[in-house]
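Down below is the structure, laid out as structure tokens.
As the structure is a computational prediction, the values presented were derived from the model and not from experiment.
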Amino acid sequence: MALSLNLPTAGGTLAPYALRGTAPVKPDAGVKFNRIAYSAAHVVADPMAAIDPWLQCAVDWDTTIAYRRHLFSLGLGVAEAMDTAQRGMGLDWPTSLELIRRSLDAAKDVPGALVASGCGTDHLDIDSVKSVDDVIRGYEEQMAAIEALGGKLIVMASRALARVAKSPADYERVYDRILSQAKQPVVLHWLGDMFDPALAGYWGTKNVDAAMDTALGIIAAHPDKVDGIKISLLDKDKEIAMRRRLPPGVRMYTGDDFNYAELIAGDGFGSEPTHGKSDALLGIFDAIAPAASAALGALAQGDEKKFHDILGPTVPLSRHIFAAPTRFYKTGVVFMAWLNGHQKHFTMVGGQQSTRSLQHFAELFRLADAANLLEQPELAVQRMKTLLALHGVEG
């Protein structure tokens, strides 16, 4: 008998919904990729901690690290302590550093496991930041702490820098200083203001093309210190245009949670391999990890049709999870982890489980089922019914 439940509809009524019953795709054992793929991983809150959730952060370390081991087992790297983990949105710097330490330790047990860690300025009191020099000192403090653990850096976009910089030259000065000191090549991070309104005008201008010129100039001045750049602008044409202009060997890590399948598959442009395709550093890979792994494995075997057959159905789900206000996408990522049994509760750092509506969750459930992403359908139905009951919807 098919599993079913009553779900809210767009019109505000309830309607029966029967699950498709299609088994989730599973990647082949020992799957290998021909793209570098990082999943920006979420953290699991500790719901038993006696804290004020809006003001303090408590992490369930065992479950959080177990999820990273799950990602490693699928061949995915971990982009640690990024905005998917609520960095700067509930997850403070001391907890972020502990998260990085624990993730790096876990990776030591997994041959070939990749971890890159967010380095930012979020520990600074932004109201006390008065100059670019203050921003540089902030970056250097986190940089030193992560590199002391042996970590690879993702140089995150800085709210403090966006606030105090007066021109593109200020960005050039900050990044020149940071890149010149890096112990190993870093990943740069360009997060659009749809993800974080405080980053509007990053690189010294609201004109995206001019901002791109500044970022490319910084990379061109330090090509040996830049592994790649991750951009999250949700504009595939801008990403492709920038990808084609990167120095040889510098990678484009797509952060486009709307168009990732097309961008990863690539267009084969140019003589430089990195100009014709994107690697990946994606928040959605947290929510669709088995499918992402299976698709990347198929792509590496030359089966582009299978790659798109697997990833294509996940795109509507991703676009829903990352719908405006995009910064609340983390709620959908954690909801998926709860539905699929990777954590026992739907509680988030900062109480952010409340940032999306019941209507949003109901449509997310439908789209996850349509994309064959419900790993334990019976459990997913049980947990969806629990959420419905919490909102006063019975039956």
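Looking at Asp133 and Arg173, their side chains come closer than 4.5 Å, going by heavy atoms from C-beta outward. Using a 4.5 Å cut-off on side-chain heavy atoms (C-beta onward), Ile229 and Leu246 make contact. Residues Met252 and Met242 meet the side-chain proximity criterion, which asks for heavy atoms closer than 4.5 Å. Residues Leu7 and Met384 have side chains in contact (heavy-atom distance under 4.5 Å, counting atoms from C-beta outward). A 4.5 Å side-chain heavy-atom check between Val208 and Trp190 finds at least one atom pair inside the cut-off. Residues His342 and His42 form no side-chain contact, since every pair of their non-hydrogen atoms from C-beta on lies 4.5 Å or further apart. With contacts defined as side-chain heavy-atom distances shorter than 4.5 Å, the pair Arg356/Pro325 qualifies. Under the 4.5 Å side-chain criterion, counting only non-hydrogen atoms from C-beta, His345 is in contact with Val44.
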### Message
One pair to check against side-chain contact (heavy atoms from CB on, under 4.5 Å): Ile288 and Leu311. What are the steps and the verdict?
### Response
CA-CA 9 Å; Ile288 66 167; Leu311 272 196; 4.0 Å; yes
### Task
Starting from the C-alpha separation in whole Å, work towards a yes-or-no answer on salt bridge (Lys or Arg N to Asp or Glu O under 4.0 Å) for Arg244 and Asp267.
CA-CA 11 Å; Arg244 293 178 176 183; Asp267 56 15; 2.9 Å; yes
### Message
I'd like to know whether Leu339 forms a side-chain contact (heavy atoms from CB on, under 4.5 Å) with Phe346, so could you lay out the CA-CA distance, the side-chain angles of the two residues, the decisive distance to 0.1 Å, and finally the verdict.
### Response
CA-CA 9 Å; Leu339 287 181; Phe346 182 39; over 6 Å; no
### Task
Using the salt bridge (Lys or Arg N to Asp or Glu O under 4.0 Å) rule, take Arg69 and Asp109 through it: C-alpha gap first, then chi angles, then the decisive distance, then the call.
CA-CA 9 Å; Arg69 293 185 185 279; Asp109 299 332; 3.6 Å; yes
### Pair Arg137-Glu141, salt bridge (Lys or Arg N to Asp or Glu O under 4.0 Å): steps then yes or no
CA-CA 6 Å; Arg137 283 191 288 270; Glu141 183 178 340; over 6 Å; no
### Message
Go through it in stages, so that I can follow the logic: the residues are Trp61 and Thr95, the test is side-chain contact (heavy atoms from CB on, under 4.5 Å), and I'd like the CA-CA distance, side-chain angles, deciding distance and then a yes or no.
### Response
CA-CA 10 Å; Trp61 291 114; Thr95 311; 3.9 Å; yes
### Query
Yes or no on side-chain contact (heavy atoms from CB on, under 4.5 Å) for Phe258 and Ile284, after CA distance, side-chain angles and deciding distance?
CA-CA 9 Å; Phe258 284 9; Ile284 194 57; over 6 Å; no
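Taking CG of Asn6 as the reference point, atom OG1 of Thr13 lies at 10.0 Å (rounded to 0.5 Å). Distance check: Leu191 CG to Arg327 CZ gives 12.0 Å after rounding to the nearest 0.5 Å. Distance OG/Ser232 to CG/Asp256: 8.0 Å, rounded to 0.5 Å. How far CH2 of Trp93 is from CG of Leu99: 10.5 Å, rounded to the nearest 0.5 Å. Of the inter-residue distances, the one linking Ser4 atom OG with Leu19 atom CG reads 8.0 Å to the nearest 0.5 angstrom. For the atom pair Leu282 CG and Tyr260 OH, the distance stands at 8.0 Å (nearest 0.5 Å).
Side chain of Arg68 to backbone of Thr64: a donor-acceptor contact under 3.5 angstrom is found. Side-chain atoms of Arg243 come within 3.5 Å of backbone N or O of Leu263 as a donor-acceptor pair. Checked by atom type and distance alone, the side chain of Tyr17 never pairs as donor or acceptor with a backbone atom of Pro8 at under 3.5 Å. Side-chain atoms of Gln376 do not come within 3.5 Å of backbone N or O of Glu378 as any donor-acceptor pair. The backbone N or O of Glu375 sits less than 3.5 Å from a side-chain atom of Asn340, completing a donor-acceptor pair. Listed for the Gln353 side chain is a donor-acceptor partner under 3.5 Å among the backbone atoms of Met348. Side chain of Lys230 to main chain of Gly255: no donor-acceptor pair is present (N/O by atom type, distance under 3.5 Å, no hydrogens or angles). For His189 (side chain) and Val155 (main-chain N/O), no donor-acceptor pair under 3.5 Å exists by modelled atom type. Proximity of a side-chain donor or acceptor of Ser293 to a complementary backbone N or O of Pro290 within less than 3.5 Å is not detected. Formation of a donor-acceptor pair under 3.5 Å by the Asp52 side chain with backbone atoms of Trp54 is not found in this model.
Around atom CG of Asp176, more than 12 heavy atoms belonging to other residues, nucleotides or ligands sit under 6.0 Å away.
Closest approach of Ala37 to Leu296, counting heavy atoms only: CB-CD1, 3.6 Å. The shortest heavy-atom contact between Asp224 and Pro185 is O-CG, 3.6 Å. Between Ile264 and Leu299 the shortest heavy-atom distance is CG2-CD2, 4.1 Å. The two residues Ala287 and Met336 have their closest heavy-atom pair at O-CE, 3.6 Å. The heavy-atom pair separating Met143 from Cys119 by the smallest distance is N-SG, 3.5 Å. Closest approach of Lys225 to Ala182, counting heavy atoms only: NZ-O, 3.2 Å.
Salt-bridge formation is not detected for the pair Arg163/Asp134: no Lys NZ or Arg NE/NH1/NH2 atom is positioned less than 4.0 Å from an Asp or Glu carboxylate oxygen. At a threshold of 4.0 Å, the pair Asp227-Lys152 counts as salt-bridged, since one of the basic side-chain nitrogens sits closer than that to a carboxylate oxygen. In this structure, Asp62 does not pair ionically with Arg102, as no charged nitrogen and carboxylate oxygen lie closer than 4.0 Å.
Under the 4.5 Å side-chain contact rule for hydrophobic residues, Leu367 and Leu234 share a cluster. Val187 and Leu216 fall into different hydrophobic clusters, where Ile, Leu, Val, Met, Phe, Trp and Tyr are joined by side-chain heavy atoms under 4.5 Å apart, directly or via other members. A single hydrophobic cluster is seen to contain both Phe365 and Ile321, as judged by linkage of ILVMFWY side chains at heavy-atom distances under 4.5 Å, directly or through other members. One hydrophobic cluster, built from ILVMFWY side chains closer than 4.5 Å, holds both Leu153 and Ile231. Leu76 and Val110 fall within a single hydrophobic cluster, where Ile, Leu, Val, Met, Phe, Trp and Tyr are joined by side-chain heavy atoms under 4.5 Å apart, directly or via other members.
Side-chain atoms of Ser278 and Thr254 include no donor-acceptor pair closer than 3.5 Å. Side-chain contact annotation: His320 with Glu363, donor-acceptor N/O pair under 3.5 Å absent. Side chains of Tyr329 and Ser318: a donor-acceptor N/O pair is absent below 3.5 angstrom, by distance only.
Taking the six-membered ring for Trp and the full ring otherwise, Tyr38 and Phe285 have centroids separated by 6.0 Å or more.
In this structure, Tyr202 and Tyr175 have perpendicular ring planes: the angle between them is above 60°, well past the 30° mark.
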